[in-house]
Amino acid sequence: MGAETLVNNGEAKAPLILGLQPAALIDHVARVDWSLLHQIPGERGGSIPVEFKELEHILSELKKHILTSVDDPSPMKTMAGGSVANTIRGLSSGFGVNSGMIGAYGDDEQGLRKKMGPTAQCVCLVDAYGNRTMRPCLSTAVKVQGDELTKDDFSGSKWLVMRYGIFNLEVTQAAIRFAKQEGLSVSIDLASFEMVRNFREPLLKLLESGDIDLCFANEDEATELLRGEANASPEAALEYLSKYCRWAVVTLGANGCIAKHAQEVVRVPAIGETKVVDATGAGDLFAGGFLYGLVKGLSLEECCKVGSCSGGAVIRSLGGEVTPENWQWMYKQMQIKGLPLPDIRN
C-alpha cells in the first residue's frame, strides 16, 4: 500500500512528510442558516460520525438552508477533504514541501488507492460567523488496514502525520510501529472534543507511550483531555502533553496558540488581519505551517507564527483548501513578520 508521492525533476522521491489518512474523504462544505443546525443532533462545532441515511438527509436539506453572500458567490463546495489531507495538501501546494499520503478511496463515483466499496464523505455546515459543525460518514467506507502497510511505505521519510480516531486505531498503531522502525518522527492531531471525550483512555495510552513526537490540540480538545482534573486549562494540557511529546501545541482560536518544546514555552497571537468565512481546516493548515517551520529549522516561536499565517489563510474562504489568492495573502503576512518564504519551485 504505497504512498502517493510528488515527483521532482522526473524522479520519484520519498516524501519528506508522509500523511496517514486511512479513508479518503469527500467534503461537502456549505454556509447554512441556524434552522438547519438546530435539526442536526449533537453539539455544534463538533464532529460526530453519522450513518449514511443521516448524511443523505442532511445533504437533501442543504439547498433549503443555504446562506448566500455577496463576498462568496459559491455558498457550497464539494472537494477532497479530511484533516490529514488538508495538512499534506497545504504543505505541498503552499509550502513546496515534498509530501505524500497513505490512504484508500472507493470504487464509487466519489473516489489514493482504489478499493471495492464507498468513499467516506463528510458534510461541513458553516454558520454566519464562520463556525463549522462536521458530520462525517465513515462506517461503511473503504480504508487502509494495518496489515496492508509495509516498512517500504515509510522508508526515506522524516515525518508521519496522523489524526487520532478510535475507528482507525489499529492502522494508526501499525503505522507508528513502522515509522519508529524507519526513524520517522510522529505528529498527531486530537481530532475533535467528542473523540477525546468518548475515547480518552486509549488516547492517553497512545500519548503516554512516548511514540508521539508532536501533538496538536485545540482549546476544546485540551479541556476534554484533562476533564475531571482540578486544573483542565489549556496551559495545564500543554504541560501534560509536553511530558510525553517533544513538541506540544494548543491552539486557542482568535487568541492564537501556546506551545512548548523542552523547557521553552511560547504564546503567539493569531493573525489579526483576516476575516473568518469558514473555520474548516484552520487547525490542519496551522499544523502544516508549523511542520514547515520544523523542517526549515525555525525556532518554536517562528513555527507558531508560520502556523498562524497558514491557519489564517484557509479561514478566508469556504472549505479546507487554500485558494491561490489566499496563499499570496499568507506569503505577504510571512514577509511582514520576517519569516522565510517557501521555495515553491521545488
Problem - Whether over 12 other heavy atoms sit under 6.0 Å from Glu51 CD - result: no

Practice task
Look at the side-chain heavy atoms of Ile, Leu, Val, Met, Phe, Trp and Tyr, link any pair under 4.5 Å apart, and say whether Leu226 and Met195 land in one connected group.
Solution key: yes

Handout entry: Basic-acidic side-chain contact under 4.0 Å: Lys143, Glu170
Key = no

Practice task
Quick one: closest heavy-atom pair of Ile315 and Ala279, and the distance?
Solution key: CG2-CA, 3.9 Å

Exercise for the section: Verify side-chain contact (heavy atoms from CB on, under 4.5 Å) between Tyr240 and Leu204, making sure each step is shown before the conclusion. Expected result: CA-CA 10 Å; Tyr240 168 80; Leu204 295 180; 3.2 Å; yes

Handout entry: Nearest non-hydrogen partners of Val126 and Thr280, listed with the distance
Key = CG2-OG1, 4.3 Å

Handout entry: Under 3.5 Å: donor-acceptor pair, side chain of Tyr164, backbone of Phe199
Key = yes

Handout entry: Sidechain-backbone polar pair: Asn131 side chain, Asp127 backbone, donor-acceptor under 3.5 Å
Key = no

Problem - Main-chain N/O of Thr251 paired with Asn218 side-chain donor or acceptor, under 3.5 Å - result: no

Practice task
Name the orientation class of the two ring planes belonging to Phe286 and Phe216 (parallel below 30°, tilted from 30 to 60°, perpendicular beyond 60°).
Solution key: perpendicular

Fill in the blank from the handout: dist Glu325:CD -> Gln328:CD (nearest 0.5 Å) comes out at 8.5 Å

Problem - Side-chain donor or acceptor of Arg246 paired with backbone N/O of Asp213 under 3.5 Å - result: no

Problem - Short side-chain to backbone donor-acceptor contact, Arg89 and Ala80, under 3.5 Å - result: yes

Handout entry: side-chain contact (heavy atoms from CB on, under 4.5 Å) between Ser317 and Val277, worked out
Key = CA-CA 5 Å; Ser317 61; Val277 173; 5.5 Å; no

Exercise for the section: Could you tell me whether the side chain of Ser242 and the main chain of Glu239 form a donor-acceptor pair under 3.5 Å? Expected result: yes

Problem - Nearest heavy-atom neighbours spanning Ile40 and Arg135 - result: CG2-NE, 3.5 Å

Problem - Lys/Arg N to Asp/Glu carboxylate O, Asp220 vs Arg197, below 4.0 Å - result: no

Handout entry: Expected output: side-chain Ser155 to main-chain Asp152 donor-acceptor under 3.5 Å
Key = no

Fill in the blank from the handout: For Gln121 and Leu55 the tightest heavy-atom approach is CB-CD2, 3.8 Å

Completion exercise
In terms of heavy-atom contacts, Gly19 and Ile88 come closest through N-CD1, 3.7 Å

Handout entry: Sidechain-backbone polar pair: Asp278 side chain, Gly319 backbone, donor-acceptor under 3.5 Å
Key = yes

Fill in the blank from the handout: Nearest heavy-atom contact between Leu184 and Lys180 is O-NZ, 3.7 Å

Handout entry: Thr133 side chain near Val123 side chain, heavy-atom distance below 4.5 Å
Key = no

Practice task
Would you check if Lys158 and Val295 make a side-chain contact, meaning some heavy-atom pair closer than 4.5 Å?
Solution key: no

Practice task
Taking Thr78 for its side chain and His28 for its backbone only, find out whether a donor-acceptor pair lies under 3.5 Å.
Solution key: no

Handout entry: Steps toward side-chain contact (heavy atoms from CB on, under 4.5 Å) verdict (Met330, Arg316)
Key = CA-CA 11 Å; Met330 185 196 76; Arg316 293 166 59 85; over 6 Å; no

Practice task
Verify, without hydrogens or angle tests, whether Glu264 (side chain) and His261 (backbone) share a donor-acceptor contact under 3.5 angstrom.
Solution key: no

Fill in the blank from the handout: Rounded to the nearest 0.5 Å, the CG atom of Leu318 sits from the CZ atom of Arg132 at a distance of 13.0 Å

Practice task
Using a strict cut-off of less than 4.0 Å between a Lys/Arg side-chain nitrogen and an Asp/Glu carboxylate oxygen, indicate whether Glu224 and Arg227 qualify as a salt bridge.
Solution key: yes

Exercise for the section: Salt-bridge test for Glu201 and Lys205: reply yes if a basic N is under 4.0 Å from a carboxylate O, no otherwise. Expected result: no

Exercise for the section: Give, for atom CZ of Arg163 and atom OG1 of Thr172, the distance between the pair rounded to the nearest 0.5 Å. Expected result: 11.0 Å

